[in-house]
Protein chains: 2
Amino acid sequence: MKQSYHHHNLKEALIEEAIAFLEKQPYESITIRGLTNLLKVSRTAVYRHFSSKEELFQAVILRGFERLKEKIEKVYKNPSLTIEEKIAKIGESYIAYALDFPELYRLMFGDKLKQLREESCEIQNSDNQCAFDILVALVVDAQKENIFVEVNPMEQAVAIWALIHGQASLLIDGHPMILEQKERLIKTGLSMIMKGFKPTSTLT
Amino acid sequence: MKQSYHHHNLKEALIEEAIAFLEKQPYESITIRGLTNLLKVSRTAVYRHFSSKEELFQAVILRGFERLKEKIEKVYKNPSLTIEEKIAKIGESYIAYALDFPELYRLMFGDKLKQLREESCEIQNSDNQCAFDILVALVVDAQKENIFVEVNPMEQAVAIWALIHGQASLLIDGHPMILEQKERLIKTGLSMIMKGFKPTSTLT
DNA sequence: ACCTGAACACCGTTCAAGT
DNA sequence: ACCTGAACACCGTTCAAGT
């Protein structure tokens, strides 16, 4: 079992352990010494797989985006859901993810190394989409069914993303009062999206 | 001139210099040695005014919130603006502030010491309001003039705040593409707020 | 209300030398 | 593909002793 680290598992084990650490302490206070001690390897072993602490956590961030994308994709590809339900459920899933892994989420959307974030889509299989691309596709669907007014889908997608991301951020880092009202806030946000983009609402 | 630091200005100078540093480098890479070298004081002089680096930056965060509040308050109290204009202009000002001082903004809304953030209102003069309170007041005004549907003003205020904050975050840390579309994104976000909350839009 | 200078514990990272 | 052990530069912070 310990032998396994000697062959091909250490890289993976480091990423998984780093994610586990992030659930208990912030990025800044995680040390390579602490990580390696827990994995029972030497501190220098990290440098066989990553050139620096930062590069290790780039891999962690990438993993975080992959998982978020999988979660969202699962909702998008669920054939039993209407488009309205998908929009609602993707928002909920997204926010749930942020609340489940707050420090990982902070790292993903913080400012530590954005170069990699731009790559993060191309790294994946060529038939895959970014989490954002899924949202854009959903907006296009909504426009086709006349649920959303027909403007540039990217703009609507970014606005929705900003709202959800903002809600997630405020729930994680904001005033405790906000967290108490979680359910109602999600509902209000959703109603803001739906009625705001609905073409029948344009009689002033 | 140098004498002034010996009397009462060092605390203030440290805060101002720290904010200036934040415009050029991230919080993590700012060192107390670098700060004090530039101010021509000894490294240990900081501890006459702050018990730690963290406490110094708590003061910086507080200053950041004060300035943001002033900026928003100025718009709110401008009698020549309609409520719609105020909503639009507060959003723009807020986002402009985040783009002008990205690292300060990250610090303000990151997770470094939220204890102080909860105090940040009470520390100010008793006749003052939080930036958020101003937004709530504006929402109440909008409800009175029938621009917004009458639900709990807090919920609408948080939803708006989340959207603006999310936009600011994505503009600062997101894909460069988003920054290029800044003007249109702000416009789309505003339209999402207005039409979404507008009571006349409720015919499905 | 500052100064100097030395020291401490703790980092990430490097290197030499092993298996 | 790991190990040990020593070392380096750089932190925040503390302390003793000054003015």
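Residue numbers start from 1 in every chain, and the chains themselves are labelled A, B, ... in the order their sequence lines are given, proteins ahead of strands.
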note = Counting only Watson-Crick and G-U wobble pairs with both atom distances below 3.5 Å, the stems of 3 or more consecutive pairs that include DNA chain C are C:4-8 with D:12-16, C:12-16 with D:4-8
task = Run the numbers on A:L99 and A:Y105 for side chain to side chain contact (heavy atoms under 4.5 Å, CB included), then give the verdict.
result = CA-CA 8 Å; A:L99 285 171; A:Y105 185 84; over 6 Å; no
Length of the line joining [X]:[atom1] and [N]:[atom2], which is rounded to integer Å:
X	N	atom1	atom2	value
B:N37	D:dC10	CG	C1'	13 Å
A:L14	D:dA1	CG	C1'	13 Å
A:Q25	C:dC11	CD	C1'	14 Å

ask   = Should B:K69 and B:C130 count as side-chain neighbours, where that means a heavy-atom distance under 4.5 Å?
value = no
ask   = With side chains defined as the heavy atoms from C-beta onward, is the minimum distance between A:E103 and A:K24 less than 4.5 Å?
value = no
Pairwise N/O distances under 3.5 Å, protein to nucleotides 12-16 of chain C:
unit_1 : atom_1 : unit_2 : atom_2 : d
C:dG12 : OP1    : A:I32  : N      : 3.3
C:dG12 : OP2    : A:I32  : N      : 3.3
C:dG12 : N7     : A:R33  : NH1    : 2.5
C:dT13 : OP2    : A:Y47  : OH     : 2.8
C:dT13 : OP2    : A:K53  : N      : 2.8
C:dT13 : O5'    : A:Y47  : OH     : 3.2

Ring-ring centroid check B:F65 B:F109, cutoff 6.0 Å =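 Between B:F65 and B:F109, the centre distance is under 6.0 Å.
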task = Take B:F50 and B:K11 through the side chain to side chain contact (heavy atoms under 4.5 Å, CB included) test and state the conclusion after the steps.
result = CA-CA 8 Å; B:F50 302 100; B:K11 185 170 186 173; 3.7 Å; yes
request  = Please identify each residue that fulfils side chain to side chain contact (heavy atoms under 4.5 Å, CB included) with B:I30, with sequence neighbours left out.
outcome  =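 Side chain to side chain contact (heavy atoms under 4.5 Å, CB included) check on B:I30 returns B:F21, B:L22, B:Q25, B:L35, B:F57.
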query = Stepwise, does the salt bridge (Lys or Arg N to Asp or Glu O under 4.0 Å) test hold for A:E16 with A:R63?
reply = CA-CA 9 Å; A:E16 289 302 323; A:R63 181 66 50 89; 2.9 Å; yes
inquiry  = Main chain of A:L81, side chain of A:E85: is a donor-acceptor contact present, judged purely on distance under 3.5 Å?
reply    =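 No.
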